[in-house]
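By convention in this document, chain letters (A, B, ...) are assigned in the order of the sequence lines, proteins followed by strands, and residues within each chain are numbered from 1.
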Amino acid sequence: MLNKTDGKGKAQEETLPPYLSILNAEQREAVFHRGNPLLILAGAGSGKTRVITTKIAYLIREQGMDPRSILAVTFTNKAAREMAERARLIDERAAYAMLRTFHSFGAWFLRRNGTLIGLNAGFVIYDDDDMSSLLATLMEGASMGEIKHAAYGIARAKDFFLSPEQPELSLIDHRETFRSLYTKYEERLRQIGNVDFGDLIKKPVEILRTYPEVAERFKNRFRVILVDEYQDANIAQFELLKELCGPETYVCVVGDDDQSIYAFRGAEVRNILEFPDRFPGTDIIRLERNYRSTAPILQTASSVVSHNQDRLGKTLRAERGNGKNPVLAFLPNQHEEAAFCAHLIEESVRPAKERSTGEKPPFKQASYADWAVLYRTNAQSLGFETEFLRRGIPYRVVGSLKFYEREEVKDALALLSFLANPRDEVAFRRVVNKPARGVGNATVDRIVREATEGPLAEGNLSAAAQRLKAVLAPKARAGIEAFLGAIEKGRSVLDRGVPEVSDEGASLKSLKPQEPGNVHAGEGLSVCIVHLVQEAGIVDYHRTHDEIAGNQRISNLQELANAASLYPASFGGLLEFLEHLELDRSLEDPHGKEGIQDMVTLITLHNTKGLEFRRVIITGMEQGVFPRDDKRGENLEEERRLFYVGATRAMDELYLSSCTQRRMYGRTALMEPSRFLMEIDRTQLRIIGSPPRGYAPRNPSRPAGEQHPPPGTWQVGNRLFHDDQGYGSVVEVQETPEGPLVRVCFDTGKELRFFGLKQRKRITKIHEER
DNA sequence: TAGTTTTAAGTTTTT
DNA sequence: CTTAAAACTA
């Protein structure tokens with residue numbers, strides 16, 4: 001598939017190598033560009049990855065650039081891998097360029113330069129859960145929600161490059177308690193010697209600013225810096241980019257403001273809008289030729305996103321020309337929705353001759369892999385999975401694999417983290433008394449205090465426990481010994497590089513590989529993991545504890561061990577493995593049966609970025625599902641961009657489905673069609689099923705939506721049913737600045753007040769029409 | 001302190 | 001419907 005080129009490039013074209021001649025004029029201009037900073041505004045499907053990879057290869061091949069002086073950053077590991085692969089296909093030397101995600105670059109940087117700010121190179125990266133666990137130890141008596149909220153606030157603060165002492169912190173949370181909590185958290189994290197995700201960006205910037213000689217080194221090393229998906233960069237990442245750019249550095253960023261879907265995580269669209277101001281002299285190149293989708297698909301995607309105010313605005317041209325109109329299907333409930341998807345897929349995959357529909361030839365024979373089912377939340381995948389399983393449709397679920405969130409996996413990782421860093425309080429608390437060894441909370445607190453506040457406050461929990469052993473109760477003492485013994489065994493594996501031949505080790509070898517309920521050592525680091533989980537009693541714990549899921553859990557541990565077999569059984573190997581796990585949790589999905597490649601893709605809208613499929617179904621087009629709650633209206637624009645991203649994944653066919661009823665948390669709720677559906681010109685759609693009352697055609701004179709008052713408004717006298725309290729009636733409605741306060745008198749005589757009484761919680765409004 | 005049972009509460013998106 | 005926190009018993 002060759003791109004069109006304009007006339008004047010013809011002469012030049014003939015002398016160009018094929019990898020350059022396939023580019024269109026704008027793409028080529030972007031590849032050849034040099035000198036000033038460059039901003040490439042690349043619409044969906046306009047070949048932006050091709051431009052970046054080609055540019056890398058071109059710099060090496062034609063400009064004689066040393067690949068090691070090229071840094072290219074992306075946001076996802078998948079994108080980084082793909083980029084590396086494609087660049088290498090053009091020129092093998094691209095393998096020596098540094099292609100990483102922002103976070104993996106930060107980790108790489110800190111392992112080498114962290115000591116400057118007192119960070120030991122053996123640090124472990126804390127994920128959001130670890131962050132919350134640590135915060136929990138600082139917020140006694142706080143509820144889970146408060147802890148999560150605080151964790152979110154601190155993470156955002158770091159995204160915006162805000163330290164505890166900065167006044168702007170009040171923009172995230174104005175309370176003084178938040179500031180002091182952030183301070184305490186930072187202090188504690190420093191003591192432990194670990195970092196969180198935000199630190200991976202923020203700390204390198206601080207080092208580069210404090211140590212000019214380090215900054216100089218980096219500015220000399222990286223002569224070219226390329227950033228992909230720049231619209232997803234947060235403030236801290238922008239600062240990092242600035243610190244890495246010297247006067248001689250060539251910087252090129254690629255992005256699309258309409259595809260910015262990570263504001264909730266601190267992404268700052270203004271980064272791309274204001275790039276020309278921040279990097280004076282910036283040249284801008286627009287890539288607006290779309291090579292992926294047919295015109296109606298592009299039209300549908302554009303019409304929704306064009307309702308946004310905050311955008312640069314662009315015109316995508318469909319190089320593929322016209323095609324089928326998108327289909328909008330109204331369905332009674334999500335079971336029918338799953339059946340509808342399954343039916344569509346089955347029909348398309350069946351050989352054309354078997355079909356007896358009125359379809360006119362030529363038939364387009366599809367394969368399962370041509371299809372993707374998109375949804376807003378991971379929870380929605382379940383319905384499709386059951387239906388596809390029942391019908392024998394092969395599928396794979398992308399993302400959502402909560403492999404690393406499983407208890408047994410987290411236990412094993414905590415053991416490894418503690419082995420890597422004996423100051424890791426979070427890991428210590430998790431596994432020191434698992435299985436129960438008589439080491440209770442009181443003992444744990446005592447050990448932590450000894451480690452952090454004692455005369456020898458070096459933070460090492462192993463050493464502190466060792467010191468306290470003598471004065472502990474016999475039970476606790478034996479437990480501590482068992483735990484420390486297991487850690488020691490693990491360490492000896494790392495030091496020696498070979499497993500110690502203990503009794504357990506010997507019996508391990510005698511076991512048959514298939515014997516259930518045991519974890520087997522393979523090679524490298526997996527040996528260490530096997531020893532640790534076995535010695536620490538995690539295997540036995542899960543085997544005996546849960547008879548039903550036990551075997552599955554053991555095999556999960558086995559899988560974790562297998563993943564580690566590629567890493568050397570050394571301290572360095574351990575760090576590498578942990579870092580890989582923290583930064584890239586995508587892991588090849590183990591669910592997918594070997595050999596079967598032809599599968600339908602089930603995926604969240606967010607996860608589809610950068611992918612493409614011949615046929616795409618966007619499901620759950622309902623208010624409250626997609627878009628999700630728009631109480632503040634602020635997220636609405638981002639939800640529109642999410643629709644734009646999802647719709648532009650489709651090459652040939654796009655389907656949208658909307659349910660009138662949906663079961664959510666065990667309760668059936670009536671749904672309104674997504675307002676996005678009203679934003680698409682009806683004549684462009686093929687509508688299946690009967691449109692519900694809420695689906696009003698777009699009226700040019702007056703914007704749709706809001707005609708119906710939202711349900712859930714309460715009046716005195718309304719009858720209702722409460723799951724726990726039974727029937728009752730509203731006796732008072734009071735408007736407060738934070739919403740309606742409803743007083744309900746139940747038939748039992750009990751009176752309760754409810755704040756923001758919402759339907760579809762555990763309360764059902766009863767309509768007394770007859 | 002450990003392991004049970006009961007009760008309540010909450011459901012985005014991810015490096 | 002699933003998960004987590006609190007409460008309770010041995």
Subject >> Quiz item: A:R376 side-chain donor-acceptor pair to B:dT13 base, under 3.5 Å >> reply: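 Such a pair exists between side chain and base.
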Which whole-number value in Å describes the distance from [X] [atom1] to [N] [atom2]?
X	N	atom1	atom2	answer
A:R477	B:dT1	CZ	C1'	20 Å
A:E582	B:dT15	CD	C1'	10 Å
A:I201	B:dT14	CD1	P	18 Å
A:Q380	B:dT13	CD	P	9 Å
A:L382	C:dT3	CG	P	11 Å
A:L611	B:dT13	CG	C1'	15 Å
A:N77	B:dT15	CG	P	7 Å
A:F75	B:dT14	CZ	C1'	12 Å

Subject >> Evaluation steps, side chain to side chain contact (heavy atoms under 4.5 Å, CB included), between A:L605 and A:V645 >> reply: CA-CA 8 Å; A:L605 284 149; A:V645 168; over 6 Å; no
Original post:
If you find the nucleotide of DNA chain B closest to A:R265 and the one closest to A:G438, which residue's nucleotide is nearer the 5' end?
Top reply: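 First, find each residue's nearest nucleotide; the 5'-ward one identifies A:G438.
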Which part of the nucleic acid, if any, lies within reach of [X] when heavy atoms closer than 4.0 Å are counted: base, sugar-phosphate only, or nothing?
X	answer
A:D127	nothing
A:F102	nothing
A:N234	nothing

Picking from [options], which would you name as closest to the side chain of [X]?
X	options	result
A:F197	B:dT14, B:dA2, B:dT15	B:dT15
A:T604	B:dT14, B:dT15, C:dC1	B:dT14
A:N378	C:dC1, B:dT14, B:dT15	B:dT14
A:R628	B:dT12, C:dC1, B:dT13	B:dT12

Original post:
Given the rule in the side chain to side chain contact (heavy atoms under 4.5 Å, CB included) test, do A:K609 and A:F75 qualify, once you have shown the distances and angles that lead to the verdict?
Top reply: CA-CA 11 Å; A:K609 187 136 75 157; A:F75 281 84; over 6 Å; no
Subject >> Six-ring centre of A:Y152, A:R156 cation under 6.0 angstrom, axis tolerance 45° >> reply: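 So A:R156 does make the cation-pi contact.
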Subject >> Nearest-Å distance once atom C1' is located in both B:dT12 and C:dA5 >> reply: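 It comes out at 23 Å once rounded to the nearest Å.
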Subject >> Whole-angstrom distance between B:dT13 and C:dA4, as gauged at atom C1' >> reply: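 Nearest-Å result for B:dT13 against C:dA4 at atom C1': 22 Å.
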Original post:
Does the side chain of A:N433 get closer than 4.0 angstrom to OP1 or OP2 of B:dA2 through an N or O atom?
Top reply: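 For B:dA2, OP1 or OP2 has a side-chain N or O of A:N433 closer than 4.0 Å.
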Original post:
Paired with B:dG10 by Watson-Crick or G-U wobble geometry, both distances under 3.5 Å: which nucleotide is it?
Top reply: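 Checking every strand shown, B:dG10 finds its partner in C:dC1, with both distances under 3.5 Å.
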Subject >> Strand partner of B:dT5, provided both Watson-Crick or wobble distances fall under 3.5 Å >> reply: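 Paired with C:dA6.
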Original post:
Per the salt bridge (charged side-chain N to carboxylate O under 4.0 Å, His left out) rule, which among A:D424, A:D411, A:D445 passes with A:R429?
Top reply: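 Going through the options one by one, the only one that passes is A:D445.
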Original post:
Do the charged groups of A:E638 and A:R628 touch, with an N to O distance under 4.0 Å?
Top reply: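 Between A:R628 and A:E638 there is no salt bridge, as every charged N stays at least 4.0 Å from the carboxylate O atoms.
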**OP:** Could you check whether the rings of A:Y262 and A:H606 sit parallel, tilted or perpendicular, using 30° and 60° as the cut-offs?
**Re:**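 Ring orientation of A:Y262 relative to A:H606: tilted.
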